[in-house]
There are 2 protein chains.
Amino acid sequence: MSRPTLASLASELAVSRQTISNVLNAPHRVKPATRERVQAAIAAAGYRPSAAARQLRTQRSMNLGMRLLPATDGINGAILDRFLHALTEAAQSAGYRLTLFCAESDEEEIRQYEQLLDVAGLDGFILTSSTPDDARTRWLHARGTAFAVFGRPWDSAGQPVAADHPWVDVDGAAGTEGSVKMLLAQGHTRIGFLGWHTGSPVGNDRRLGWKRAMSAAGYGQDLVTLNVEAEDTVAGGAAGTAVLASRGATAMVCSSDSLALGAMGQLRESRPGAFLRGGGPAGPDGQAAVVGFDDTPVAAALGLSSVAQPVEEAARHVIRVLTHELDGSGASLLSRGEGPERQLLLAPRVVERIPLPLAAP
Amino acid sequence: MSRPTLASLASELAVSRQTISNVLNAPHRVKPATRERVQAAIAAAGYRPSAAARQLRTQRSMNLGMRLLPATDGINGAILDRFLHALTEAAQSAGYRLTLFCAESDEEEIRQYEQLLDVAGLDGFILTSSTPDDARTRWLHARGTAFAVFGRPWDSAGQPVAADHPWVDVDGAAGTEGSVKMLLAQGHTRIGFLGWHTGSPVGNDRRLGWKRAMSAAGYGQDLVTLNVEAEDTVAGGAAGTAVLASRGATAMVCSSDSLALGAMGQLRESRPGAFLRGGGPAGPDGQAAVVGFDDTPVAAALGLSSVAQPVEEAARHVIRVLTHELDGSGASLLSRGEGPERQLLLAPRVVERIPLPLAAP
DNA sequence: TTGTATGCGTTATCAA
DNA sequence: TTGATAACGCATACAA
């Protein structure tokens, strides 16, 4: 009653192991009659090839690795759930398994790569963030290991840079640009930007979209006074909003939902009635408006407008391009047709919401 | 420049492969002199045994599997991040890798078990929830596969039941009981319970704690009127709270942060000033209080009191008991001493917070 | 179209 | 204490 193997099946069917192997890996090379007979026996016996034996022979594990970053904020990190699920699902239907690991730092991440490569023979890695002048992508490239990144490559100055490895990212600037346009349509003119004080490339990108849209609308002279940087927390958002409000801002575009949450709270406190218009988007007639980023569950729960990243689509594409790299190298002789985009910038979507009427009329 | 193997190392050192293998797996069986010489060579060459070859030989993959549930709510599901990270970390330091997979249903989950067992040779599984009369645990038990569950076993009627498989859970009743005690200490007497309408064992357990504490405090006669069931959403929480408030409740204990969020919003709207006392916990003098469950990031962000589950500890213990089951079977001859608790009920912690002053004075 | 022989890298068994 | 041999389950080159 133990699990069937190639050998046990072969003797049972009175054919060679090779024939069964061919039925599985090169069906066209075997006569239809025997092929069907073998296939029936495979199904009946519930035979499944052993991945370990196969890996030993082919040097491929059909296994992808990904580092699980520690859950930081919890508000902003809420995106990971969806990304990870879509990633697992996509990998699974592409015939790959997904192995998770932890690392305290990028240096340790590299050491983990090395170990997982040597010990488990992982075929490739998914990186869920990119840093300026990323040592990890350099290492992987030098080692000749396949990988794909969720995040654009940045040079050491934090500027976008060309790279020849596969990556997928979301166009943050387009997101904040869309937020500004939405607020302009609501009648706002003094629209502030509440960003991070870290100077991260991602944050700069989001600020850039705000600048572009404001300039295009003719409010370029406000770019200095209406730009505020704060710590990426609810408290930081409240503090930054106090400054922006004192400079006359009636609406703010934020780099994160944490900041936006703080902004809403601060406005509710300092300007009673700021969100009274439960019936629809508020105008500049004493009304306020806030747009967050990432469209976390918190935003949805509180009626906070936010920029939604297509993380599921990003995850699917990461798998698509990575598996194409892994599977395609051999088949590239046959299908020299184009594969999936090796580099892809996805457009986010601004989700407009009506703030929950959390204050009494 | 290819990776060293047992054979290459052996010829280089002029010893047999077996000796090197022994140095790794049974160091006491090799003479100290040669042992050290081999160990030095291993370190110098950066040799690491191949998991695939090892698995082929030992029939153990050092690999654990876990189904990734689709991110449902996003508010309540926010716990998964922390659980998964702790799980990965614990597995890693126990020498195991973690493989993720997806399934649409519990039946498909079982089919995935079967496939992952046959193909990848996983050593065991972690289940992240338990259902009444769980078919998955029955299947795994029948198959003789090791597993551990985050969640108590329930019989088909949703009552706690004994089972001999390892599990870890958090005592929900103790959590709501603690919530009630906190509210009593604040001066509240009419404390409502806002629970799920699904009749899930987990929900019943949480309701039970409220009942126990209320009865103990002498408010047993209110158990019927102050118990409300609603859909597990923010809107459901608001609706349920309207009912509870109309029955005179000044405080509510909720089965989730989603419900609690809805409760806060509803109270803010219907009772201006309900949370005015920003300076400290509110009393029954016109003040309101809400306690959620799970201590999600949303609760922390909004100053919502909530019951915090020790998910990291739960994850670590799940790995502890599962790896003990896997590793310990052989060593049980030597160390017949007690291992980790095979069944463990962890106590949650009530986190008391001051609501953010989101309404104007 | 099918079968035979060999090796992937490791550990277990046994003999020296 | 160490070494030779076989076997884990599969796929590839080559022969029939």
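Per chain, numbering begins at 1; letters A, B, ... match sequence-line order.
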**Student:** Should the pair A:Arg67-A:Asp106 be classified as a salt bridge under the 4.0 Å nitrogen-to-oxygen rule?
**Tutor:**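 The answer is yes: the pair qualifies as a salt bridge.
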**Student:** Map B:Leu56 and B:Thr19 onto DNA chain D by nearest heavy atom, then report which one ends up closer to the 5' terminus.
**Tutor:**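 Mapping each residue to its closest nucleotide by heavy atoms, the 5'-most match is B:Thr19.
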**Student:** Hey, does the side-chain of A:Arg54 have a donor or acceptor N/O within less than 3.5 Å of a partner on the base of D:dA11?
**Tutor:** no
**Student:** Looking at B:Glu107, B:Glu109, B:Glu114, which one forms a salt bridge (Lys or Arg N to Asp or Glu O under 4.0 Å) with B:Arg136?
**Tutor:**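 Single pass found, and it is B:Glu109.
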**Student:** According to a strict under-4.0 Å criterion, is B:Ser16 in side-chain N/O contact with OP1 or OP2 of D:dG3?
**Tutor:** yes
**Student:** Regarding B:Gln59, tell me which of base, sugar-phosphate or nothing describes its non-hydrogen contacts under 4.0 Å with the strands shown.
**Tutor:**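 Sugar-phosphate contact only.
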**Student:** Quickly work out the B:Ile20 CD1 to C:dT10 P distance and round it to whole Å.
**Tutor:**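 B:Ile20 atom CD1 is separated from C:dT10 atom P by 9 Å.
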**Student:** Can you see if the side chain of B:Ser21 gets near the phosphate of C:dT11 - specifically, an N or O under 4.0 Å from OP1 or OP2?
**Tutor:**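 Result: yes.
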**Student:** How many Å lie between CG on A:Asn22 and P on C:dT4, as a whole number?
**Tutor:** 14 Å
**Student:** Atom CZ of A:Arg17 to atom P of C:dT1: distance rounded to whole Å?
**Tutor:** 22 Å
**Student:** In terms of the angle between their ring planes, are B:Tyr113 and B:Phe101 parallel, tilted or perpendicular, with boundaries placed at 30° and 60°?
**Tutor:** perpendicular
**Student:** Kindly say if B:Gln18 contacts the phosphate of D:dT1, meaning a side-chain N or O under 4.0 Å from OP1 or OP2.
**Tutor:**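 B:Gln18 to D:dT1 OP1/OP2: no side-chain N or O under 4.0 Å.
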**Student:** Under 3.5 Å, is there a donor-acceptor pair between the side chain of B:Thr19 and the main chain of B:Val15?
**Tutor:** no
**Student:** Please confirm whether the shortest side-chain N or O distance from B:Thr34 to OP1 or OP2 of D:dT2 is below 4.0 Å.
**Tutor:**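 Yes, such a contact exists.
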